[in-house]
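To keep things clear, I will list the structure first and then write my remarks on it.
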Amino acid sequence: MPSPPMREELHEVAKATVRILRSCGISCFLVGGMACSLYGTSRLPNDIDMAVMTDEDTELVKRRLVSADARFYLVNSRNVWATYKVLWFRLSTNHYGGYNRSCKVDILRRGILNIPDVTPSRIRVVERLPVAPLLLLLCLKLQCWDHHGAATELRYRCKQSTDAGDINELLTIAVANGENLSKERWMPEQFVRETEERVSRYLRREWDSHGREQWRALGFRTDRNR
């Protein structure tokens, strides 16, 4: 069975994706597990999630990547009703027994999954890669935790514990870095409000009093309910 991508391979995939998107004039940054890892969380992800600040159709953006680099390719979704293709990047087979190995690349257009518009000046750079601002990443991770918990399919609900692990580590990193919501007033008010509602649900579910103080230290309300 093919092994998952190594850290250096994830960097290779991310750099190739960023290079092509920038050549097309598309601002982009990492979100998801790869972004968490770059900030210092312990879990190594299996794929790449790239947010793109464009209104261009996502499928067209994927085709741009495939046209620019033969290591990118598209396959049909496992969902027979889906109208989108899944983007993959071929990895080297050296030292891995000749298996065909690939890394999935998710392209997330602004507005999708409530990803707000982020100007280039607000995008962080970590290890020479563009990354979502830390508090935005934390909010998006919390949203994933919430969505996975509400999913009807068991395979998605099972991801909640992984999300919680990332969230708890990001919380500690954000507090240590002196992050605060007052420094991120550009984030949409509704987005922040929905995050605070999720924070309340998260704390009730996780029973973490220390986490409550961490969220408060970052400037978030922990008592907001729908």
Side-chain angles (χ1 to χ4, degrees), residues 5 7-41 45-74 83-90 103-144 147 166 170 173-174 177-192 194-195 218:
R7 183 176 179 82
E8 60 271 19
E9 292 177 315
L10 291 166
H11 277 250
E12 177 188 7
V13 178
K15 288 176 181 177
T17 306
V18 170
R19 175 180 53 80
I20 296 169
L21 292 174
R22 284 178 173 171
S23 72
C24 296
I26 299 174
S27 177
C28 62
F29 54 86
L30 288 159
V31 293
M34 182 62 179
C36 294
S37 177
L38 286 168
Y39 275 118
T41 59
N46 292 322
D47 56 15
I48 296 292
D49 298 304
M50 189 71 71
V52 292
M53 299 296 98
T54 181
D55 295 323
E56 191 172 284
D57 182 74
T58 304
E59 297 307 298
L60 179 56
V61 175
K62 293 176 187 177
R63 291 197 293 271
R64 285 181 181 273
L65 290 161
V66 172
S67 297
D69 189 326
R71 291 175 294 180
F72 286 101
Y73 64 98
L74 294 168
T83 58
Y84 60 86
K85 301 282 188 178
V86 181
L87 181 66
W88 292 82
F89 183 95
R90 293 182 182 87
C103 175
K104 186 161 71 76
V105 181
D106 286 328
I107 301 298
L108 307 170
R109 192 179 63 185
R110 62 184 170 197
I112 300 297
L113 298 178
N114 296 316
I115 296 174
D117 188 42
V118 181
T119 61
S121 63
R122 294 191 175 105
I123 298 172
R124 308 278 180 92
V125 178
V126 183
E127 297 184 30
R128 299 184 179 182
L129 287 169
V131 185
L134 183 47
L135 287 193
L136 172 59
L137 177 62
L138 182 58
C139 294
L140 292 173
K141 256 296 166 183
L142 185 63
Q143 178 179 258
C144 283
H147 288 179
D166 288 342
L170 280 179
I173 293 167
N177 286 356
E179 302 284 342
N180 194 277
L181 192 57
S182 63
K183 302 175 185 177
E184 308 290 353
R185 296 192 181 278
W186 58 271
M187 290 201 296
E189 182 178 344
Q190 182 64 24
F191 178 76
V192 173
E194 290 174 355
T195 295
L218 296 174

Derivation of the side-chain contact (heavy atoms from CB on, under 4.5 Å) call for Lys104 and Asn46: CA-CA 8 Å; Lys104 186 161 71 76; Asn46 292 322; over 6 Å; no
Using a 3.5 Å distance criterion without hydrogens, assess whether the side chain of [X] forms a donor-acceptor pair with backbone atoms of [Y].
X     : Y     : result
Ser37 : Met34 : no
Thr41 : Cys36 : yes
Arg71 : Trp88 : no

Residues [X], [Y]: salt bridge by 4.0 Å N-O rule:
X      : Y      : value
Arg124 : Glu184 : yes
Glu127 : Arg7   : yes
Arg64  : Glu56  : yes
Lys15  : Glu12  : no

Does the side chain of [Y] come within less than 4.5 Å of [X]'s, by heavy atoms?
X      : Y      : result
Asp49  : Val105 : no
Ile115 : Met53  : yes
Pro133 : Trp186 : yes
Asp106 : Ile48  : no
Arg63  : Lys85  : no
Leu140 : Phe191 : yes
Leu65  : Leu21  : yes

Quick one: closest heavy-atom pair of [X] and [Y], and the distance?
X      : Y      : result
Pro45  : Gly33  : CG-C, 3.7 Å
Ile123 : Pro130 : CG2-CB, 3.7 Å
Asp47  : Leu10  : O-CD2, 4.1 Å

If I take atom [atom1] from residue [X] and atom [atom2] from residue [Y], how far apart are they, to the nearest 0.5 angstrom?
X      : Y      : atom1 : atom2 : value
Arg19  : Cys28  : CZ    : SG    : 11.5 Å
Leu134 : Glu179 : CG    : CD    : 4.5 Å
Arg109 : Ile107 : CZ    : CD1   : 12.0 Å
Tyr39  : Leu137 : OH    : CG    : 6.5 Å
Met50  : Leu30  : CE    : CG    : 4.0 Å
Met187 : Leu135 : CE    : CG    : 5.5 Å

Audit row: Ile20, Asp69, side-chain contact (heavy atoms from CB on, under 4.5 Å) steps and yes/no: CA-CA 8 Å; Ile20 296 169; Asp69 189 326; 3.7 Å; yes
Parallel, tilted or perpendicular, as decided by the 30° and 60° cut-offs, for the rings of Phe89 and Phe72: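 Because their plane-to-plane angle is over 60°, the rings of Phe72 and Phe89 count as perpendicular.
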Worked verdict on Arg22 versus Ser27 for side chain to side chain donor-acceptor pair (under 3.5 Å): CA-CA 6 Å; Arg22 284 178 173 171; Ser27 177; over 6 Å; no
Residues Arg122, Leu136; criterion side-chain contact (heavy atoms from CB on, under 4.5 Å); working and verdict: CA-CA 11 Å; Arg122 294 191 175 105; Leu136 172 59; over 6 Å; no
Worked check of side-chain contact (heavy atoms from CB on, under 4.5 Å) between Leu218 and Leu181: CA-CA 6 Å; Leu218 296 174; Leu181 192 57; over 6 Å; no
